[in-house]
Amino acid sequence: MKKDKTNVGSRTVLTAMIILLLTITGACSKTEAPTPDEEKTGQFSIEFDNIMGEETLSFEPRVYKNAKGESFRIKLLQYFISNIKLYKADGSSYTVPQDDSYFLVNAADRTTRFTKVKVPEGNYEKVEFVIGVDSARSSMPVEKRTGVLSFNPEEGHEGGGMYWGWNSGYIFFKMEGYCDLISDNQQGDPTGNKQFKYHIGGFGGYNAPTLNNIKTITVDLKTAGTAQVREGLRSNVHLFVDIMKIFNGPHTFSIVEHPNVMFSEYSVNIANNFPHFFTHDHTENFVKSEDEL
């Protein structure tokens, strides 16, 4: 039987019109984000999701291998995040008040992976933060250093905290672990425990110039999702933090040759790897509960 081309054409046009109508109806029914009101504030957070290469970071007995082929295990990882600043498309910015902008990420406690702050409503395309504690806060009277910055000067370095009592300064990044290749002499670990320790700090000095390992990190959010902050909701920028880059960043080094790096010139090489830790994976907007993250 010969098909009626006129009827076929009519049905095709009718089908196209129905699809178009459904598309328009569906688009109109979607909930659109209200226009930002800068007089209102919403919740904003950066999520620091620690990984090691291609997998979630795990502590010992999990064994990893760096670019030098050295096997190692992690027992501790902590670092300070501070001085959060957000930017809009027009170049305007909002700086989180300093008193609310210091966080300590402890890889052993996943609840610390979020830096939660309140910021004016808006669509933000870039976020900036510091790894470390700035010189202004580091030199303030002790009573003004509260929250995660509080410390017991009597404990200091040996107390296992994030402050050097003997050097009057914060440890910005602390990573400790084990590598069986480390020697048992003074160049390695004379205790025989095969430990490595990287305690990186240095804010520039009080009265004279010293090491300055403060690193400012800038993350462009446009590709993987801008932050749309609205009142009563939360926007969360999810970053992967690849700790393997401590060894395998632009400066690649051997654990055996440098098992303990603290307040020394070599620490600058390790700190220069910090900016290469971070990858923006995605942004979650209009979050009603942390359970959604």
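Side-chain N or O atoms of D49 include none that pairs as donor or acceptor with a backbone N or O of V241 at under 3.5 Å. Proximity of a side-chain donor or acceptor of E38 to a complementary backbone N or O of G122 within less than 3.5 Å is not detected. Distance alone, capped at 3.5 Å, places no donor-acceptor pair between the Y124 side chain and the S93 backbone. Without hydrogens or angle criteria, S92 side chain to K88 main chain gives no donor-acceptor distance under 3.5 Å. S101 places a side-chain N or O within donor-acceptor distance of the main-chain N or O of I84, the cut-off being under 3.5 Å. Between the T252 side chain and the G249 main chain, a donor and an acceptor come within less than 3.5 Å of each other. E121 places no side-chain N or O within donor-acceptor distance of the main-chain N or O of P36, the cut-off being under 3.5 Å. With hydrogens and angles ignored, the 3.5 Å screen pairs no side-chain donor or acceptor of H282 with any backbone N or O of E284.
Taking the side chain as every heavy atom from C-beta outward, I214 and V130 approach each other to under 4.5 Å. Inter-residue side-chain proximity for S254 and E70 is flagged as met; some heavy-atom pair is nearer than 4.5 Å. Residues K126 and T218 meet the side-chain proximity criterion, which asks for heavy atoms closer than 4.5 Å. Within the 4.5 Å cutoff, no side-chain heavy atoms of Y94 are placed close to those of K85. Side-chain contact between I255 and I182 is present, with heavy atoms from C-beta onward closer than 4.5 Å. For the pair V261 and I200, the minimum side-chain heavy-atom distance is below 4.5 Å. For the pair L211 and F263, the minimum side-chain heavy-atom distance is below 4.5 Å. Within the 4.5 Å cutoff, the side chain of L86 has heavy atoms near those of the V119 side chain.
Residues K65 and S71 share a closest heavy-atom pair of CE-OG, 3.6 Å. When all heavy atoms are compared, the tightest approach of Y102 to S82 is CD2-CB, 3.4 Å. Here the closest heavy-atom approach between residue A271 and residue P275 is recorded as O-CD, 3.7 Å. Closest approach of F172 and G201 over heavy atoms only: CD1-CA, 3.8 Å. The two residues N213 and S267 have their closest heavy-atom pair at ND2-OG, 3.0 Å.
Under the rule for a ring-ring contact (aromatic ring centres under 6.0 Å, His included), the partners of F173 that lie at least two apart in sequence or sit in another chain are F274, F277. For K215, the side chain to side chain donor-acceptor pair (under 3.5 Å) partners two or more places apart in sequence, or in a different chain, are N272.
Rounding to the nearest 0.5 Å gives a distance of 5.0 Å between NZ of K245 and CG of D242. Residue E290 holds its CD atom at 8.5 Å from CD of E47, rounded to the nearest 0.5 Å. Put simply, CD on E143 and OG on S150 are 12.5 Å apart, with the number rounded to the nearest 0.5 Å. Here the straight-line distance linking atom NZ of K174 with atom CD of Q78 works out to 6.5 Å at 0.5 Å rounding.
Between R234 and E292 there is no salt bridge, since none of the side-chain N atoms of the basic residue sits less than 4.0 Å from a carboxylate O of the acidic one. Look at D100 and K116 and you find no salt bridge, because none of the NZ, NE, NH1 or NH2 atoms lies under 4.0 Å from a carboxylate O. For the pair K222 and D220, the salt-bridge criterion is met [side-chain N within less than 4.0 Å of a carboxylate O]. The residues K75 and E60 are annotated as not salt-bridged, no charged nitrogen and carboxylate oxygen being separated by less than 4.0 angstrom.
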Item to complete: Starting from the C-alpha separation in whole Å, work towards a yes-or-no answer on side chain to side chain contact (heavy atoms under 4.5 Å, CB included) for Y198 and F247.
Response: CA-CA 11 Å; Y198 302 118; F247 302 113; 3.7 Å; yes
Fill in: Derivation and outcome, side chain to side chain contact (heavy atoms under 4.5 Å, CB included), residues H280 and V237
CA-CA 7 Å; H280 180 210; V237 170; 3.7 Å; yes
Discussion item. Apply side chain to side chain contact (heavy atoms under 4.5 Å, CB included) to residues I51 and L57 and explain how you reach the verdict.
Written reply: CA-CA 4 Å; I51 62 175; L57 182 143; 5.7 Å; no
Item to complete: Evaluate side chain to side chain contact (heavy atoms under 4.5 Å, CB included) for N123 paired with R230, printing each intermediate quantity in order.
Response: CA-CA 9 Å; N123 298 328; R230 298 295 186 274; 3.0 Å; yes
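Applying side-chain hydrogen bond (donor to acceptor under 3.5 Å, both in side chains) to E176 and the options H199, Q195, K197 leaves one that passes, H199. Residue K194 forms a side-chain hydrogen bond (donor to acceptor under 3.5 Å, both in side chains) with just one option from D189, D180, D184, and that option is D184.
Cluster annotation: L149 is not connected to I81 through the hydrophobic network of ILVMFWY side chains, with a link wherever side-chain heavy atoms come within less than 4.5 Å. I74 and I270 fall within a single hydrophobic cluster, where Ile, Leu, Val, Met, Phe, Trp and Tyr are joined by side-chain heavy atoms under 4.5 Å apart, directly or via other members. Hydrophobic cluster membership is shared by I217 and F48, with clusters built from Ile, Leu, Val, Met, Phe, Trp and Tyr side chains linked at under 4.5 angstrom. Linking ILVMFWY residues whenever their side-chain heavy atoms come closer than 4.5 Å, directly or via other members, leaves I131 and F240 in distinct clusters. L239 is connected to V117 through a chain of hydrophobic side-chain contacts under 4.5 Å among Ile, Leu, Val, Met, Phe, Trp and Tyr, so both are in one cluster.
Applying the 6.0 Å contact sphere to NZ of K118 captures no more than 12 heavy atoms from other residues, nucleotides or ligands. At most 12 non-hydrogen atoms from other residues, nucleotides or ligands lie less than 6.0 angstrom from CD of E265. Within a 6.0 Å sphere centred on CD of E55, other residues, nucleotides and ligands contribute more than 12 heavy atoms.
The aromatic rings of Y163 and Y170 sit perpendicular, their planes meeting at an angle over 60°, well past the 30° parallel limit. Ring orientation note: the planes of H251 and F253 are close to parallel, at an angle under 30° on the 30°/60° scale.
F114 and F103 have their aromatic ring centers separated by at least 6.0 angstrom. Less than 6.0 angstrom separates the ring centroid of F278 from the ring centroid of F129.
Neither side chain, N248 nor N66, offers a donor N or O lying under 3.5 Å from an acceptor on the other. Side-chain atoms of N50 and Y79 form a donor-acceptor pair, as typed in the model, at a separation below 3.5 Å. With 3.5 Å as the limit, one finds a donor-acceptor pair spanning the side chains of S235 and N285. N236 and S45 are linked by a side-chain donor-acceptor pair at a separation below 3.5 angstrom, with hydrogens and angles left out of the test.
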Would you give me the side-chain donor-acceptor pairs under 3.5 Å for residues 104-111, sequence neighbours excluded?
residue, atom, partner, partner atom, Å
N106, OD1, A108, N, 3.0
D109, OD1, T111, N, 3.1
D109, OD1, T111, OG1, 2.6
D109, OD2, T111, OG1, 3.2

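Both tests do not hold together for R73 against F196: distance to the six-membered ring centre under 6.0 Å, angle to the ring axis within 45°. For the pair R62 and F59, the NZ or CZ position fails the cation-pi test of under 6.0 Å to the six-membered ring centre and within 45 degrees of the ring normal.
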